[in-house]
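Structure provided below as C-alpha cells; questions to follow.
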Amino acid sequence: MVDTDSGWDGRGGRDSYGTRDTRGARAADAIPDRGVAAPDRGVAAPDRGVAAPDRRVPAPDRGVPAPDRGVPAPDRRVAIPGRRVVAVSLVALAALATGCEPGTATGAQDAPPPARPTQAAAPSPTRTAPVTEDAKPRTAPPPGSSASTAAPAPAPDPTTARPAPEPSTAPPPRVLMRTGSESDRVRELQARLRQIGHFGRNPTGYYGSVTADAVRSFQAKRSLPVTGSTDEVTWQRLLAMTRVPKAAELRPPTERPLATPDERCLKGRVLCISKNSRTLAWMIDGKVVSAMDVRFGSEYTPTREGVFEVFWKSRDHVSTLYDTPMPYALFFSGGQAVHYSADFAANGYGGASHGCVNVRDRKKVAALFGQVRTGDKVVVYW
C-alpha cells in the first residue's frame with residue numbers, strides 16, 4: 001500500500017523536499033547475495049591512472065628471498081563497502097609493490113637482510129709477528145716479494161759449525177833417497193825394511209824399482225804420502241820402528257845359500273857359478289874368498305855352461321850390440337862376461353841378461369874385478 005503522504009513516487013532518490021527515498025535500498029536488500037556484490041556505483045572506482053607493477057622489470061636476485069607469501073591477497077569474493085574501496089585498493093597496490101624489494105621472512109625478524117653480491121674485496125695484508133733480534137717472522141712476507149715462496153734457511157748452529165781447513169803452506173819434506181840413488185844409506189834402508197817384512201832380499205845399496213815398491217808399501221801401511229821416495233818423515237818413522245842393522249845384515253855374502261861347489265872348482269883360482277843357487281863364489285884352492293848373487297840370460301839368450309877362462313877385462317865397458325853399460329866386465333866366452341848390472345840391482349830377478357852373468361852388488365864385483373886375473377878359470381854349471 002502506497003503512502004501518499006510521504007511524497008515517494010516509486011522511482012527512488014530524494015524528492016523535491018529532501019526526504020530520502022528508501023525504496024531503492026529496500027529493493028537492494030531484497031536482492032539475494034550472489035557471492036560478490038557489485039561495487040557501489042555512487043563511489044568512484046580506484047584511479048585507473050595508477051600504473052600496475054611493470055611486469056617487464058627483471059626478477060629480483062635469486063640470492064634474495066622472495067616476498068613473504070604468507071600475506072594473503074585481498075579476497076575478490078568479499079563485498080567491499082563503498083567507502084572502503086579506496087583504502088583496500090591502496091593496500092592491494094602496496095602488496096603488489098613488495099615484489100620489487102626484499103621482504104622479511106617470517107620468524108627471522110632479528111636477522112639482518114642478506115647483502116647484495118658485490119665485487120670481491122682485495123685481501124687484507126697478512127699480519128706478521130714483530131721481528132726481534134733472536135727471532136724471525138712466523139709468516140711469509142707479503143705477496144710480491146722476491147723471496148715470498150722461499151723458506152728461510154736455518155742458521156748454522158755455532159756449536160757445531162767448523163771452519164774450513166786452510167791450505168797448508170808448509171814446504172814438503174826433503175827427499176833423502178829416490179830411484180837411482182846408490183849409497184850405504186840405501187843399503188841401511190833396505191836392511192831396515194827387511195827387518196819389518198817390506199824388503200824380501202839382501203841389501204844391495206842400489207835404489208831401484210824393488211826398493212821403491214818396498215818404500216810405497218811401508219808408506220801406505222803407516223798412512224804416509226805414498227811416493228816411493230824416502231823423505232825425512234818416512235826415514236824418521238822407519239828409524240823409530242827398527243834397530244841398527246848388523247854387518248852381516250848389511251853385507252850378506254849372497255841372497256841365497258851357496259850351492260855345494262862343483263868338483264872342478266876345488267883346485268886353483270876359479271869363478272864358480274851355479275845356475276841352481278844363482279850364486280857366484282870366488283874360490284882359491286877350494287876356499288870361498290867372496291860370494292855374490294847373479295842372474296843369467298833368458299831362454300832365448302842363454303848363458304853358456306862349461307869350463308872357460310877369463311880372456312879380457314874391461315872396467316868401463318859399454319855393449320856395442322845393446323848400447324848398455326857393462327862396468328867391471330870379465331869376458332869368458334865370446335861376448336858373455338861377468339859384470340855389474342844396474343838393472344839387476346833395481347829389478348832383481350824380474351828380468352834377465354842377454355847371456356852375461358849379472359852381479360847386482362857393485363862393490364863386490366868391483367873388488368872381484370881387482371882380484372881376478374886374465375887366464376883364471378870360469379866354471380858355469382847346474
Side-chain angles (χ1 to χ4, degrees), residues 201-206 247-248 250-349 351-382:
R201 58 192 61 185
N202 287 339
T204 62
Y206 181 82
L250 291 173
R251 299 180 182 277
T254 58
E255 182 183 67
R256 298 170 178 268
L258 287 173
T260 302
D262 186 275
E263 60 181 11
R264 294 171 291 182
C265 299
L266 298 178
K267 294 181 180 179
R269 298 165 59 94
V270 182
L271 293 173
C272 192
I273 304 169
S274 170
K275 285 187 173 181
N276 185 36
S277 65
R278 291 186 291 189
T279 58
L280 183 153
W282 166 233
M283 301 180 67
I284 299 175
D285 296 333
K287 293 181 179 179
V288 177
V289 178
S290 64
M292 57 203 73
D293 297 324
V294 293
R295 73 175 184 180
F296 306 98
S298 67
E299 59 179 332
Y300 303 105
T301 56
T303 302
R304 304 180 186 99
E305 301 169 14
V307 179
F308 310 94
E309 291 183 357
V310 175
F311 67 90
W312 183 31
K313 293 173 59 176
S314 178
R315 182 182 297 272
D316 299 312
H317 190 77
V318 177
S319 172
T320 57
L321 292 177
Y322 305 105
D323 194 25
T324 56
M326 298 172 57
Y328 308 108
L330 302 170
F331 287 92
F332 61 90
S333 176
Q336 295 184 357
V338 176
H339 67 85
Y340 169 76
S341 170
D343 181 75
F344 183 28
N347 300 313
Y349 291 99
S353 72
H354 293 95
C356 291
V357 179
N358 292 160
V359 180
R360 62 184 177 187
D361 191 323
R362 189 183 186 97
K363 288 187 175 181
K364 284 188 175 182
V365 73
L368 180 65
F369 183 85
Q371 296 176 18
V372 174
R373 301 190 293 253
T374 303
D376 287 345
K377 189 188 297 185
V378 178
V379 178
V380 181
Y381 67 101
W382 278 99

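Fair warning: this is a prediction, and the values are worked out from it, not measured in the lab.
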Open item on the list: Looking at D285 and G268, would you say the former's side chain and the latter's main chain have a donor-acceptor pair under 3.5 Å?
Closed with: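 Checking the backbone N and O of G268 against the side chain of D285, a donor-acceptor pair under 3.5 Å is found.
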Task: Residue pair F369, H339: steps toward the side chain to side chain contact (heavy atoms under 4.5 Å, CB included) verdict - done: CA-CA 9 Å; F369 183 85; H339 67 85; over 6 Å; no
- [ ] Could you tell me whether D343 and R295 have a side-chain N and a carboxylate O separated by less than 4.0 Å?
- [x] yes
Open item on the list: Go through it in stages, so that I can follow the logic: the residues are Y206 and R362, the test is side chain to side chain contact (heavy atoms under 4.5 Å, CB included), and I'd like the CA-CA distance, side-chain angles, deciding distance and then a yes or no.
Closed with: CA-CA 9 Å; Y206 181 82; R362 189 183 186 97; over 6 Å; no
Open item on the list: Working note: M292 + W282, criterion side chain to side chain contact (heavy atoms under 4.5 Å, CB included); need CA distance, chi angles, decisive distance, verdict.
Closed with: CA-CA 9 Å; M292 57 203 73; W282 166 233; 5.7 Å; no
Open item on the list: Angle between ring planes, H317 versus W312, binned at 30° and 60°: parallel, tilted or perpendicular?
Closed with: perpendicular
Task: Main-chain N/O of T204 paired with R360 side-chain donor or acceptor, under 3.5 Å - done: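 Not at all, since once roles are kept as given, no pair shorter than 3.5 Å links the two residues.
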Open item on the list: Can you give me the closest heavy-atom contact between K377 and V307, atom names plus distance?
Closed with: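 Heavy atoms only, the tightest pair is CG-CG1, 3.8 Å.
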Open item on the list: Looking at T279 and S274, would you say the former's side chain and the latter's main chain have a donor-acceptor pair under 3.5 Å?
Closed with: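 No: the side chain of T279 does not pair with the backbone of S274.
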Task: Shortest non-hydrogen separation from P261 to Y381 and the atoms involved - done: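 Distance-wise, the nearest heavy atoms are CA-OH, 3.8 Å.
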TODO: Report yes or no: does T303 contribute a side-chain atom to a donor-acceptor pair with the main-chain N or O of G297 at less than 3.5 Å?
DONE: yes
Open item on the list: Give me the atom names and distance for the closest heavy-atom approach of L250 to P203.
Closed with: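 Minimum heavy-atom separation between L250 and P203: O-CB, 3.7 Å.
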- [ ] Examine distances only and state if a side-chain atom of K313 and a backbone atom of R373 form a donor-acceptor pair shorter than 3.5 Å.
- [x] no
